K.L.:
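Mind having a look at this structure? Questions to follow.
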Amino acid sequence: MIDFRPVLFLDGILLAVLAAAMAVPAGVVPLKAAGDGAVFIGCACATAAVGAAMILGNLPSQRLRLNTQQSMLLVVSGLVLTGLCAAFPFRFASSHLAFTDAWFEAVSGLTTTGATVITNLDHTSPAVLLWRALLNWMGGIGIIVLAIALLPALKVGGMQIVDSGREPDKQGVLRGRILADGKLLLSGYGFLTVLTGVGMWLAGMGPFDALCHAMSAISTGGFSTSDLSLRHWGAGVQWVALAAMLVGASSLPMAVIALRRRSAMRLVDEQIVPFLATIVGIAVILIVWRGFNGVILSADMIRATLFTTASMITTTGFVVSDYSQWGGGTRVAFFMMAFVGGCLGSAAGGIKIFRWQVLAAAARVHVQQMIYPHRVIPIDFNGRRVTDPVIEAVLAFFAVYVLTYAVHAAVLAALGLDLISALSGSAAALGNVGRGIGDVCGPSGNWHSIPKAAKWVLSFEMILGRLELFPVFILFTPGFWKE
Amino acid sequence: MGAVSMAFRVAGWSLEVVAAAMIPALLTDMVAGQPEWRIFGLCIILTAFVGAAMILTAKGQAGNPESSAELRPVILSVLLSAAAVIGASSLPFAFGQEECGWVDAVFESVSQITTTGTTIFPRLSTLPSGLLLWRGTLQWLGGAWALVLGIAVLPFLQVGGMAEFRMDVLAGLAFTQRAKRVVLSFCGLYFALTLTVWAAFWMAGLSAFDACVHAMGVVSTGGATTWSGSLGHFDRTSVDIVAMLGMVAAGLPFPLLLTAAKGNFRPLFNDRQVRWYLGILALSVAVLAVALWGGERNGGLAPIQAAINGAFAAISTVTGSGYILHPDLFWSGFPAASLLFLSTVGGCAGSTTGGLKIFRLQAVFSEIWIQMTVLLHPHAIRAVKRDGWTSYRAVRTQIMGYAFIYTMSFVALTFGLGALGLDTVSALTASVSALANADLKLGAYLGLSGGYGNLPDAAKILLAVGMVLGRVEILPVLVVFTSTFWKR
């Protein structure tokens with residue numbers, strides 16, 4: 001039997017942090033919507049109470065150590081529990097979402113997906129808007145910590161590549177690593193957010209909007225404070241947002257760690273050039289294609305194309321232009337971009353650049369081995385040999401990702417979404433993008449109109465994608481619950 | 001030099017086969033009194049002449065081609081003969097009285113020879129019967145080509161884990177001898193299967209001509225038909241059932257089917273791939289039948305109707321045949337999405353089907369399962385049950401690599417089609433069905449009458465390339481573009 005106490009204890013701490021964050025929006029409530037302040041304070045108190053109960057009831061008697069099962073449980077239960085608690089303000093504050101909608105919005109925020117069911121953002125209470133941005137922001141830092149500290153140790157989807165060349169951690173899976181790197185990460189993340197916020201403010205945004213957008217840009221979440229997303233603001237703001245998204249999805253958080261670890265530095269080098277080259281390359285192709293199809297080459301057109309491409313690949317989902325009007329080729333491209341993903345060690349979702357690199361290398365090896373059947377061809381990454389277990393894990397991740405996508409797309413179609421929305425929606429949720437093509441997730445779409453069951457399916461998919469699939473799926477295997 | 005002369009010889013003989021295959025179409029047109037028989041006559045002479053010339057050219061070359069390294073001559077032979085056959089078989093379409101340009105003719109012949117079965121003709125029933133028979137014959141030849149590729153060529157080139165299906169009897173033989181051996185041993189079975197289906201169709205009430213074309217389309221999983229409404233035109237349950245059984249049989253591995261035909265059924269039913277294949281079929285039939293039965297938007301079919309339509313669509317799509325009884329049922333929603341994904345599955349290795357193929361799915365699932373186990377028990381690698389070839393790490397890695405290459409080809413093709421102006425659903429459908437050699441018609445472009453005929457020429461060329469890639473399993477073409485391939 002798995003010992004749940006350490007898991008519950010750590011979940012309690014997460015809830016306590018969430019409760020503290022919940023008190024923040026209460027400070028920005030204007031007088032005319034004073035009710036929201038009470039709601040946020042109330043929800044914070046309730047969450048804090050639950051968290052405290054979980055902490056006090058499960059105080060560890062010795063040093064906290066988690067085994068593999070407990071770590072997986074912690075990852076999944078942490079996200080689900082915080083999602084549940086984070087949903088309450090949406091339910092009871094002036095946004096008055098139904099419970100399904102509130103849960104969808106909260107999960108979409110915490111997983112940095114950025115798909116919204118709130119239809120009238122421009123007139124929504126600032127407390128709710130700030131809460132959405134905070135969820136993005138906390139989800140972002142949460143996933144960075146997870147991706148650097150926990151998932152590599154659990155060897156999920158080839159992420160142990162982060163650790164290549166380091167001594168295996170003998171201190172137990174969790175402790176030490178999060179604490180050592182966490183502080184540095186948090187200050188780096190906070191600094192980047194402030195920088196983005198100031199940049200947006202200088203570019204002409206109001207301070208409140210600038211703060212919200214800075215938080216959702218750096219976390220590649222994509223929640224906006226306007227129904228028009230960034231179309232509402234000018235070119236300057238969009239350029240700042242573009243830079244912030246790129247930083248947020250690149251391995252720069254990794255670079256913070258790299259200040260301490262040399263192996264991480266090389267990981268930054270290996271990923272960041274292909275990552276930026278992918279975005280620029282695809283954007284150039286789309287710009288040329290649009291140019292040939294009668295769109296006049298202008299600064300606006302270049303900015304919009306580059307921004308939308310970056311917004312999709314960094315899995316942010318900001319919109320600066322109605323790209324559904326751009327024609328067939330771009331629509332197919334924007335649909336497929338949801339699969340690409342950002343760098344390892346960032347808040348971006350998707351399949352991720354390092355996996356594409358390993359996959360491409362494996363494919364090259366396969367072709368080479370047709371010519372020289374008995375030659376052993378090594379794959380290098382990060383200046384080191386990639387071991388067979390990593391390659392296998394990456395290949396398996398890719399297969400599971402595609403299968404998960406396909407099954408969920410079919411289920412969404414069965415639940416009544418039209419074909420395009422099902423195909424694109426499934427990709428947008430699994431990749432934590434939140435945008436795609438079609439009526440629902442397209443540039444002007446909104447998710448509130450889809451059936452309730454589909455919202456649950458999509459939020460499940462967001463959690464799957466956010467936690468790199470395996471920690472969730474493994475809970476459904478009988479072996480997990482056995483001793 | 002040896003590689004090139006061997007390629008010429010193989011291509012030359014392939015052309016002779018194509019020329020011979022045109023004779024039934026010529027006779028049909030003659031009997032029916034269609035003036036088109038002259039065109040077939042001309043094509044036969046041209047094809048046979050060029051073929052003979054190629055054989056003779058190759059004969060003049062000195063050297064023993066079989067002694068050189070295996071890979072280059074085989075790949076060149078496969079690609080050159082494919083090009084030659086496609087060129088020759090498009091002649092009757094190009095010279096015919098139909099409004100049919102060169103691109104259309106090549107697309108049509110590629111589509112048949114790869115057993116994809118898509119057509120550019122808006123109304124098949126108005127075509128002269130010789131041309132209809134020619135479409136069927138091409139698919140039938142394409143099915144035989146798929147067998148030769150799948151049994152004698154790809155396993156020996158180590159394409160995407162196919163090496164596991166190397167037959168011991170064929171090992172050690174040179175490529176041309178292997179191909180000959182395969183044709184000799186499996187041709188009889190293939191022919192017998194076709195005859196059986198033909199007879200069954202005929203007994204179910206089809207005319208001898210209709211039965212013949214459809215039998216060839218069923219056994220090759222190409223989907224040749226003589227009516228625009230495909231098999232739905234006849235509206236007879238007995239016909240549907242014959243077609244379903246024929247398609248299921250065509251997706252089985254022929255080497256095992258042969259042992260079964262000799263009276264030993266055990267290897268066939270004990271084979272894991274066959275069990276998976278039947279299991280996947282059963283599952284998809286059940287899901288589609290339930291979906292059609294319960295689908296409110298479809299007005300909810302009666303249970304029997306739903307079962308037949310669902311089963312037919314599932315079998316036809318998994319095997320990549322492309323017969324659909326009532327296309328409007330699968331126009332949108334869940335049925336459309338599931339057909340889109342099912343069409344990539346394909347049949348067993350060593351069958352006439354295209355797609356990823358069952359054994360690769362087996363490997364993928366086995367790999368996923370192993371990964372899950374390893375996550376929980378990092379040192380459990382030895383505890384994984386060794387059950388046949390899926391337990392070999394190298395094979396699994398190869399297959400996963402192939403699946404990745406397959407996916408990327410699909411992405412590239414879809415993107416290209418989108419850039420040429422197709423809507424998203426059409427682009428997805430067309431590229432899925434081209435690579436899997438299936439024939440799906442979803443989306444604004446393909447669903448209209450005329451289907452693939454409406455596409456821009458560049459899209460047709462792109463799709464033709466995709467179909468050939470799908471049939472030869474991508475890697476033989478890909479490898480030609482590596483620099484190491486051309487190094488001595």
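Residue numbers start from 1 in every chain, and the chains themselves are labelled A, B, ... in the order their sequence lines are given, proteins ahead of strands. Quick caveat, the model's predicted, so the values are computed rather than measured.
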K.L.:
Could you tell me if B:Tyr452 and B:Ser426 have a donor-acceptor pair between their side chains, going purely by distance under 3.5 Å?
P.N.:
no

K.L.:
What part of A:Leu412 gets closer than 4.5 Å to chain B, counting heavy atoms only: side chain, backbone, both or neither?
P.N.:
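Answer is neither: A:Leu412 stays 4.5 Å or more from chain B.
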
K.L.:
Given heavy-atom pairs under 4.5 angstrom as the criterion, report whether the side chain, backbone, both or neither of B:Val479 touches chain A.
P.N.:
both

K.L.:
Which answer fits A:Tyr372, side chain, backbone, both or neither, if we ask what part of it has an atom under 4.5 Å from a heavy atom of chain B?
P.N.:
side chain

K.L.:
Under 30°, 30 to 60°, or over 60°: which ring-plane class applies to B:Phe404 and A:Phe398, parallel, tilted or perpendicular?
P.N.:
perpendicular

K.L.:
Between A:Asn293 and chain B, which part of the residue has a heavy atom less than 4.5 Å away: side chain, backbone, both or neither?
P.N.:
neither

K.L.:
Taking A:Pro471, A:Ala422, A:Ala393, A:Ala406 one by one, which has the highest count of heavy-atom pairs under 4.5 Å against chain B?
P.N.:
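Maximum pair count with chain B is reached by A:Ala406.
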
K.L.:
Do you know which of A:Leu359, A:Asp388, A:Val367 has the most heavy-atom pairs with chain B at a distance under 4.5 angstrom?
P.N.:
A:Leu359

K.L.:
Which atoms of B:Phe341 come close to chain A, meaning under 4.5 Å heavy atom to heavy atom: side chain ones, backbone ones, both, or neither?
P.N.:
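The side chain, not the backbone.
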
K.L.:
What part of A:Pro389 is in contact with chain B, defined as an atom under 4.5 angstrom from a non-hydrogen atom: side chain, backbone, both or neither?
P.N.:
both

K.L.:
Which bit of A:Tyr405 comes within less than 4.5 Å of chain B, counting heavy atoms only: side chain, backbone, both or neither?
P.N.:
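The answer is the side chain of A:Tyr405.
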
K.L.:
Give the ring-plane orientation class for B:Phe365 versus B:Trp276, where under 30° counts as parallel, over 60° as perpendicular and anything between as tilted.
P.N.:
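Taking B:Trp276 first and then B:Phe365, their aromatic rings sit tilted (interplane angle of 30° to 60°).
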
K.L.:
Less than 4.5 Å apart, any side-chain heavy atom of A:Phe335 and any of A:Ile420?
P.N.:
no

K.L.:
Is there a side chain to side chain contact (heavy atoms under 4.5 Å, CB included) between B:Leu417 and B:Leu455? Walk through the geometry before answering.
P.N.:
CA-CA 10 Å; B:Leu417 291 174; B:Leu455 297 178; 5.8 Å; no

K.L.:
Given a strict heavy-atom distance threshold of 4.5 Å, which part of A:Met336 is in contact with chain B: side chain, backbone, both, or neither?
P.N.:
side chain

K.L.:
By a 4.5 Å heavy-atom criterion (distance strictly below it), what part of B:Gln398 contacts chain A: side chain, backbone, both, or neither?
P.N.:
both

K.L.:
Indicate whether any N or O donor in one side chain lies under 3.5 Å from an N or O acceptor in the other, for B:Thr482 and A:Gln368.
P.N.:
no

K.L.:
For the CG atom of A:Leu467 and the CZ atom of A:Phe473, what is their distance to the nearest 0.5 Å?
P.N.:
11.0 Å

K.L.:
Just verifying a value: how many Å separate A:Thr404 OG1 and A:Leu469 CG, rounded to the nearest 0.5 Å?
P.N.:
5.0 Å

K.L.:
Heavy-atom distances under 4.5 Å only: say whether B:Ile405 touches chain A with side chain, backbone, both or neither.
P.N.:
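The side chain, not the backbone.
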
